[in-house]
Amino acid sequence: MRSPSAVAAEEVKKQVAEAATPTAVGAAMAQADMLPAEQKATLQKEASTKVADLMKTNDSEEMKEIARIAVQDLDLNPRTIVRYFGLVRVLRNIQISTGHVKDPQTDRTIVLRAAHLLMNWPQFVQWLRNEPETLTAGGVWKSTVDQVERLARTSGLKKWQQGMATLMRRETAPPYLIDPSLYRYLRKVATDPPGLKAMYEARMF
């Protein structure tokens with residue numbers, strides 16, 4: 001007699017195989033979260049293959065929808081959007097195959113915004129990876145992502161630049177952390193979610 005987890009895994013596998021869209025794959029994989037690690041890893045590989053196939057062309061429904069969001073949310077022109085597609089495919093695949101999904105519109109926006117951040121400010125993203133927590137002046141360790149979002153949401157450019165230097169425990173932050181364009185982008189995502197925290201929780205970086 002098969003175990004309950006084996007039966008559940010088989011059902012998820014069937015749903016992944018029959019999925020007509022990446023969103024349907026994500027819905028199936030969201031059910032795999034409670035499965036044993038080995039079964040979940042096998043399903044993630046199958047989901048990744050399926051999603052890659054569903055998004056393999058720029059004319060797929062998924063990529064068209066992401067392009068539409070790119071124009072609306074980031075004011076990107078069609079030529080620029082095409083440059084994002086390779087990275088968008090990778091990030092959307094990770095998001096879906098690991099089951100870190102909420103609703104299609106939010107999920108696609110998270111992927112697109114993360115791709116924008118990775119393509120334009122890679123050193124900033126690397127810093128976030130290397131410094132997941134920062135020590136505050138009060139001697140308390142806090143999430144770096146939370147701290148950066150708070151600064152962007154509540155500060156003007158000058159105070160944000162000073163705050164970023166404080167987070168790094170330096171007199172002056174390096175140029176890649178105090179770029180005015182980065183500030184404007186972080187302020188946008190901090191005041192109009194999904195923001196940095198959502199990207200981090202979805203394992204976009």
Side-chain angles (χ1 to χ4, degrees), residues 22-23 25-26 29 44 47-48 51-52 54-58 60 62-134 143-153 157 160-161 163-164 167-168 173-205:
T23 298
V25 177
M29 288 305 298
Q44 285 176 342
S48 180
V51 171
L54 290 169
M55 295 195 303
K56 64 186 176 184
T57 71
N58 292 350
S60 68
E62 183 70 16
M63 299 310 292
K64 284 181 179 178
E65 183 59 22
I66 288 173
R68 185 192 66 77
I69 295 171
V71 171
Q72 181 181 28
D73 187 61
L74 297 175
D75 294 326
L76 296 179
N77 63 57
R79 184 170 295 180
T80 302
I81 292 168
V82 172
R83 291 197 301 109
Y84 282 54
F85 277 175
L87 182 54
V88 163
R89 284 190 178 91
V90 171
L91 296 178
R92 185 74 166 124
N93 197 318
I94 291 170
Q95 183 187 58
I96 291 171
S97 61
T98 56
H100 287 87
V101 293
K102 296 178 181 179
D103 66 83
Q105 182 76 6
T106 300
D107 296 340
R108 291 170 182 140
T109 303
I110 287 172
V111 163
L112 185 60
R113 289 182 172 187
H116 187 63
L117 195 63
L118 283 158
M119 290 192 71
N120 292 284
W121 301 283
Q123 288 177 295
F124 170 74
V125 176
Q126 187 61 52
W127 175 70
L128 286 178
R129 288 179 182 142
N130 294 340
E131 302 284 345
E133 291 186 313
T134 54
S143 162
T144 304
V145 167
D146 287 347
Q147 293 287 87
V148 170
E149 282 204 321
R150 179 186 59 78
L151 278 171
R153 188 169 51 248
L157 175 60
W160 176 76
Q161 291 173 327
M164 293 299 288
L167 285 182
M168 293 195 76
Y176 68 84
L177 277 184
I178 55 175
D179 176 0
S181 295
L182 173 60
Y183 164 72
R184 287 191 291 271
Y185 177 67
L186 292 177
R187 186 168 179 82
K188 169 185 169 59
V189 302
T191 56
D192 179 24
L196 276 183
K197 188 170 185 179
M199 297 177 209
Y200 190 78
E201 290 174 347
R203 300 183 183 179
M204 295 291 98
F205 46 77

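Predicted model only: the values in this text are computed from it and were never measured.
R113 and D192 are joined by a salt bridge, as a carboxylate oxygen and a charged side-chain nitrogen come within less than 4.0 angstrom of each other.
Considering CD1 of I69 and CG of L76, their distance stands at 12.0 Å, rounded to 0.5 Å. Between the CD atom of Q147 and the CD atom of E131 there is a distance of 13.0 Å, given to the nearest 0.5 Å. Rounded to the nearest 0.5 Å, atoms CD (Q44) and CD1 (I96) are 12.5 Å apart. Interatomic distance, I81 CD1 to I66 CD1, rounded to the nearest 0.5 Å: 11.0 Å. The CG atom of L182 sits 11.0 Å away from atom CD of Q123, with the distance rounded to the nearest 0.5 Å.
Of the possible polar contacts, one joining the R89 side chain to the M55 backbone as a donor-acceptor pair under 3.5 Å is found. With T106 contributing its side chain and K102 its backbone, the two residues share no donor-acceptor pair below 3.5 Å. A side-chain donor-acceptor contact under 3.5 Å links R187 to the backbone of A152. Using a distance-only test at 3.5 Å, with no hydrogens or angles considered, no donor-acceptor pair links the side chain of D107 to the main chain of V101. Put simply, the side chain of T109 gets close to the backbone of Q105: a donor and an acceptor are under 3.5 Å apart. Judged purely by atom type and a 3.5 angstrom limit, K188 has no side-chain atom pairing as donor or acceptor with the backbone of P193. In terms of modelled atom types and a separation under 3.5 Å, the side chain of T144 and the main chain of L128 share no donor-acceptor contact.
Counting heavy atoms from C-beta outward, M164 and L167 have side chains that approach closer than 4.5 Å. Side-chain contact between L87 and M119 is present, with heavy atoms from C-beta onward closer than 4.5 Å. Side-chain contact between S60 and T57: present, with at least one pair of heavy atoms (C-beta onward) separated by less than 4.5 Å. The shortest side-chain heavy-atom distance between F205 and L196 falls under the 4.5 Å cut-off. Between L118 and L91, the closest side-chain pair of non-hydrogen atoms falls below 4.5 Å. Two residues are said to be in side-chain contact when any heavy atoms from C-beta on lie closer than 4.5 Å; S143 and Y200 fail this criterion.
Across all non-hydrogen atoms, the minimal contact from V88 to A115 is CG2-CB, 4.0 Å. Heavy atoms only, all atoms of each residue included: H100 and E201 are closest at CD2-O, 3.4 Å. Contact detail for P174 and M168: the closest heavy-atom pair is CD-SD, 3.3 Å. Pairing each heavy atom of W160 with each of L177, the nearest pair is CH2-O, 3.0 Å. The shortest heavy-atom contact between L117 and M199 is CD2-SD, 4.3 Å. Residue T23 comes nearest to P104 through the heavy atom pair CG2-CG, 3.4 Å, listed as atom of the first residue, atom of the second, then distance.
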Apply side chain to side chain donor-acceptor pair (under 3.5 Å) to the pair R184 and S181, showing each step before the final yes or no. CA-CA 5 Å; R184 287 191 291 271; S181 295; 3.2 Å; yes
Could you go step by step and tell me if E62 and R92 meet the salt bridge (charged side-chain N to carboxylate O under 4.0 Å, His left out) rule? CA-CA 10 Å; E62 183 70 16; R92 185 74 166 124; 2.7 Å; yes
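Enclosure of atom CZ in R129 by more than 12 non-hydrogen atoms of other residues, nucleotides or ligands within 6.0 angstrom is indicated.
Between W121 and the choices Y185, Y183, Y176, the ring-ring contact (aromatic ring centres under 6.0 Å, His included) rule is met once, by Y185.
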